[in-house]
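What follows is one structure encoded as structure tokens, with my remarks underneath.
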Amino acid sequence: MIGIFGGTFDPIHLGHLRTALDVFEALELEELRFIPLGQAVHRDQPLMPASQRLALLRAAIADQPGFVADERELHQERPSYTVDTLEDLRHELGPARPLCLLLGRDAFNAFHSWHRPERILELAHLVVMDRPGHTLPDDAELQQLMDGRVVNDGAALRERPGGRILFQPVTPLGISSTDIRRRLAQGRPIRWLVPDAVLSLLMQAQD
Ligand code: ATP
């Protein structure tokens, strides 16, 4: 079973990394692919250029076996839709292999407004990670997407290539890229919010 973790990673931080490792371990994933977003559809464009976000991501995951940086979205001229990336991965990995799309709770709360959420759920499972400050909203459309799909156990994800939703407990970490960007702009410390390797690269870039 393979995990896919898409994000702006502007920059990558310990809130991404520790929660991803929790899922990797709990679901015994073979591989976890970090896919940095190319052009954004749902949000402002990233502050850092793609090459820098990728360099920071690579530095962050370099010594974690099974964690892989996948740069496919960075080479696209058009905005990146998750559904297209998953179609691509399905094509590459075949129809039978279970794929798990990792999402923080905040991202999942807006999932019904993504491009073709039903198709995404045909292509992959969703693994939703708790994020401090974000609870499940009372939203009929989201509820409709969840109906009949929520499972309580990672083993249920191995039975099918996609279509199920698992709420996976992870280490709660109230870290965000927004806060890190703000701190960088104000010259305040970001130590212990990002891995040391990311900190050194960011400090070099500021010199
Ligand atoms: P920004 O503050 O710029 O919006 P972010 O910190 O939310 O950035 P993203 O790169 O946009 O980071 O997030 C990628 C994915 O990681 C999303 O699914 C998001 O919900 C999840 N995520 C980010 N930070 C955390 C965290 N601290 N705990 C759990 N999930 C997280």
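Read the numbers this way: they start at 1 and go in the same order the structure lists the ligands and their atoms. Hydrogens, waters and symmetry mates play no part in the numbers below; they use all other heavy atoms, side chains included.
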Any atom of ligand 1 sitting under 4.0 Å from a heavy atom of H134? no
For the backbone of L199 and the side chain of R191, can you confirm whether one donor and one acceptor N or O come within less than 3.5 Å of each other? no
Q. V170: heavy atom below 4.0 Å from ligand 1, yes or no?
A. no
Is there at least one pair of N or O atoms, one from D106 and one from ligand 1, spaced under 3.5 Å apart?
yes
Ligand 1 atoms nearer than 4.0 angstrom to some heavy atom of G7 are 10 (O), 14 (C)
4.0 Å heavy-atom contact, P172 with ligand 1
no
> Does any N or O in the side chain of S200 come within less than 3.5 Å of the main-chain N or O of D196, such that one atom is a donor and the other an acceptor?
Replying inline: yes
**Asked** Would one find an N or O of T19, backbone or side chain, under 3.5 Å from an N or O of ligand 1?
**Response** no
Is the number of heavy atoms from other residues, nucleotides or ligands within 6.0 Å of CG (D147) greater than 12? yes
Quick note on ligand 1: atoms under 4.0 Å from a heavy atom of R181 include exactly 3 (O)
Separation between CD1 (I2) and CG (L101), nearest 0.5 Å, reads 13.0 Å
- Message: Please determine whether the number of non-hydrogen atoms from other residues, nucleotides or ligands lying under 6.0 Å from atom NE2 of H91 exceeds 12.
- Response: no
Would you check, one step at a time, whether the test salt bridge (charged side-chain N to carboxylate O under 4.0 Å, His left out) holds for R160 with E122? CA-CA 10 Å; R160 298 174 39 162; E122 283 170 15; over 6 Å; no
Is I175 close to ligand 1, meaning an N/O of one under 3.5 Å from an N/O of the other?
-> yes
Ranking F111, F9, F5 by closest non-hydrogen atom to atom 10 (O) of ligand 1, top hit is F9
Note: ligand 1 atoms sitting under 4.0 Å from heavy atoms of S177 are 1 (P), 2 (O), 3 (O), 5 (P), 6 (O), 8 (O), 12 (O)
For residues 56-66, the salt bridge (charged side-chain N to carboxylate O under 4.0 Å, His left out) pairs (sequence neighbours left out) are R58-E71
- prompt: Is the CD atom of E28 crowded by more than 12 outside heavy atoms at less than 6.0 Å?
  reply: no
Give the ring-plane orientation class for F9 versus H16, where under 30° counts as parallel, over 60° as perpendicular and anything between as tilted.
-> perpendicular
Honestly, for T178 the part within reach of ligand 1 (heavy atoms, under 4.0 Å) is both
If we number the atoms of ligand 1 from 1 as shown, the ones under 4.0 Å from a heavy atom of S176 are 2 (O), 6 (O)
Note: heavy atom closest to atom 28 (N) of ligand 1, options R18, R53, R131, belongs to R131
Near L103 (heavy-atom distance under 4.0 Å), the atoms of ligand 1 are 18 (O)
Within 4.0 Å of some non-hydrogen atom of G6, the atoms of ligand 1 are 14 (C), 15 (C)
Checking heavy atoms under 4.0 Å, the part of I12 that sits near ligand 1 is neither
Exercise. Would you say N109's side chain and T135's backbone share a donor-acceptor pair under 3.5 angstrom?
Worked result: yes
Note: ligand 1 atoms sitting under 4.0 Å from heavy atoms of L173 are 26 (C), 27 (N), 28 (N)
So ring-ring contact (aromatic ring centres under 6.0 Å, His included) across residues 138-169, not counting sequence neighbours, yields F108-F167
